[in-house]
Amino acid sequence: MTRDKLAVELLENMQALHRTKTHIHVNEALCGEAFGLQYIAMNGGSVLPGDISSEMNVSSARVAVTLNNLEGKGLITRQIDKNDRRKVIVEITPQGKEFAEKHWKSIVGGASIFLELLGENDAKEFVRILGRMSEVMPELWKKWSLS
């Protein structure tokens, strides 16, 4: 099979995967409020909004909306840094920590089921290839652009 034919097959498979709409759930798990809360929990329960923005690769405005929602639900608090009043420290509440732990268990459980459905060999190969993709994707954008 030529590289171009394989590329077409790749794109067709990606489109078929997109039609399953599972990316919506994955995106929420990795980029939404729950991820922001998980990030705070996994980083000592206290972070700066800019840290969340960098990790999620989203704008500070998007993080502000996320933090407003989390604060409204009682899952985080925001305090002005006593050492530098220009900074705001985001802290997870006990309720937020409990939610983050449950969310993490759910995400790991879902990923585990997915890998089980793939079977051991395919699961190991998929994880390996996904890791390789994360290595080469930055290079792709240096070599190719849709514009």
K.L.:
With sequence neighbours excluded, give me every salt bridge (Lys or Arg N to Asp or Glu O under 4.0 Å) pair touching residues 37-51.
P.N.:
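Every candidate salt bridge (Lys or Arg N to Asp or Glu O under 4.0 Å) pair involving residues 37-51 fails, so no pair, neighbours aside, qualifies.
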K.L.:
Suppose we screen for side-chain contact (heavy atoms from CB on, under 4.5 Å). Which residues come up paired with Thr22, at least two apart in sequence or across chains?
P.N.:
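Partners of Thr22 under the side-chain contact (heavy atoms from CB on, under 4.5 Å) test: Leu17, Thr20.
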K.L.:
Which residues pass the salt bridge (Lys or Arg N to Asp or Glu O under 4.0 Å) test with Lys142, sequence neighbours left out?
P.N.:
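Per chain and number, Lys142 pairs via salt bridge (Lys or Arg N to Asp or Glu O under 4.0 Å) with Glu139.
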K.L.:
Tell me whether Leu6 is reachable from Met14 by hopping between hydrophobic residues (I, L, V, M, F, W, Y) whose side-chain heavy atoms are closer than 4.5 Å.
P.N.:
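Different hydrophobic clusters.
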K.L.:
Indicate the atoms forming the closest heavy-atom contact of Gly74 with Gln95, along with that distance.
P.N.:
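Smallest interatomic distance, heavy atoms only, reads O-OE1, 3.6 Å.
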K.L.:
Using a side-chain heavy atom cutoff under 4.5 Å and only I, L, V, M, F, W and Y, what cluster partners does Val127 have?
P.N.:
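Members other than Val127 - counting any ILVMFWY side chain reachable under 4.5 Å - are Phe114, Leu115, Leu118, Phe126, Ile129, Leu130, Met133.
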K.L.:
Which atom pair, heavy atoms only, marks the closest approach of Gln38 to Ala100?
P.N.:
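Looks like OE1-O, 2.7 Å.
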K.L.:
Using salt bridge (Lys or Arg N to Asp or Glu O under 4.0 Å) as the criterion, list what pairs up with Arg3, not counting sequence neighbours.
P.N.:
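Checked Arg3 against salt bridge (Lys or Arg N to Asp or Glu O under 4.0 Å); zero matches.
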K.L.:
Tell me who clusters with Ile113, hydrophobic residues only, linked when side chains sit under 4.5 Å apart either directly or through other members.
P.N.:
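Leu117, which link up through side-chain heavy atoms under 4.5 Å apart, make up the rest of the cluster.
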K.L.:
Other members of the hydrophobic cluster containing Val47, with the 4.5 Å side-chain heavy-atom rule, please.
P.N.:
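Its cluster partners, ordered by chain and number, are Phe35, Leu37, Tyr39, Ile40, Ile52, Met56, Val58, Val63, Leu67, Leu70, Leu75, Ile76, Val90, Ile92, Phe99.
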K.L.:
Are the side chain of Ser54 and the backbone N or O of Gly50 linked by a donor-acceptor pair below 3.5 Å?
P.N.:
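Present.
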K.L.:
Any Lys/Arg nitrogen of Lys5 or Glu9 sitting under 4.0 Å from an Asp/Glu carboxylate oxygen of the other?
P.N.:
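Glu9 and Lys5: not salt-bridged.
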K.L.:
When rounded to the nearest 0.5 angstrom, what distance separates CD in Glu125 from CZ in Arg132?
P.N.:
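Glu125 atom CD to Arg132 atom CZ measures 12.5 Å (nearest 0.5 Å).
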K.L.:
Counting only heavy atoms from other residues, nucleotides and ligands, does the tally under 6.0 Å from CG of Asn57 exceed 12?
P.N.:
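Counting neighbours around CG of Asn57, 12 or fewer heavy atoms of other residues, nucleotides or ligands fall under 6.0 Å, so no.
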K.L.:
Which salt bridge (Lys or Arg N to Asp or Glu O under 4.0 Å) pairs, counting each pair once, include a residue from residues 105-121, with sequence neighbours left out?
P.N.:
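Only Glu120-Lys124 qualify under salt bridge (Lys or Arg N to Asp or Glu O under 4.0 Å).
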K.L.:
Output every pair passing salt bridge (Lys or Arg N to Asp or Glu O under 4.0 Å) with a member in residues 85-96, not counting sequence neighbours, ordered by first then second residue.
P.N.:
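Sorted result for residues 85-96: Asp84-Arg86.
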K.L.:
Apply side chain to side chain contact (heavy atoms under 4.5 Å, CB included) to the pair Ile89 and Leu48, showing each step before the final yes or no.
P.N.:
CA-CA 5 Å; Ile89 298 173; Leu48 299 173; 4.3 Å; yes
K.L.:
Got a sec, which residues hit salt bridge (Lys or Arg N to Asp or Glu O under 4.0 Å) with Arg62, two or more places apart in sequence or on another chain?
P.N.:
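Arg62 satisfies salt bridge (Lys or Arg N to Asp or Glu O under 4.0 Å) with no other residue.
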K.L.:
Sorted by first residue and then second, give each salt bridge (Lys or Arg N to Asp or Glu O under 4.0 Å) pair with at least one member in residues 30-50; sequence neighbours left out.
P.N.:
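The answer is Glu33-Lys73.
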K.L.:
Among all residues two or more places apart in sequence or in another chain, which pass the salt bridge (Lys or Arg N to Asp or Glu O under 4.0 Å) test with Lys97?
P.N.:
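Expected list: none.
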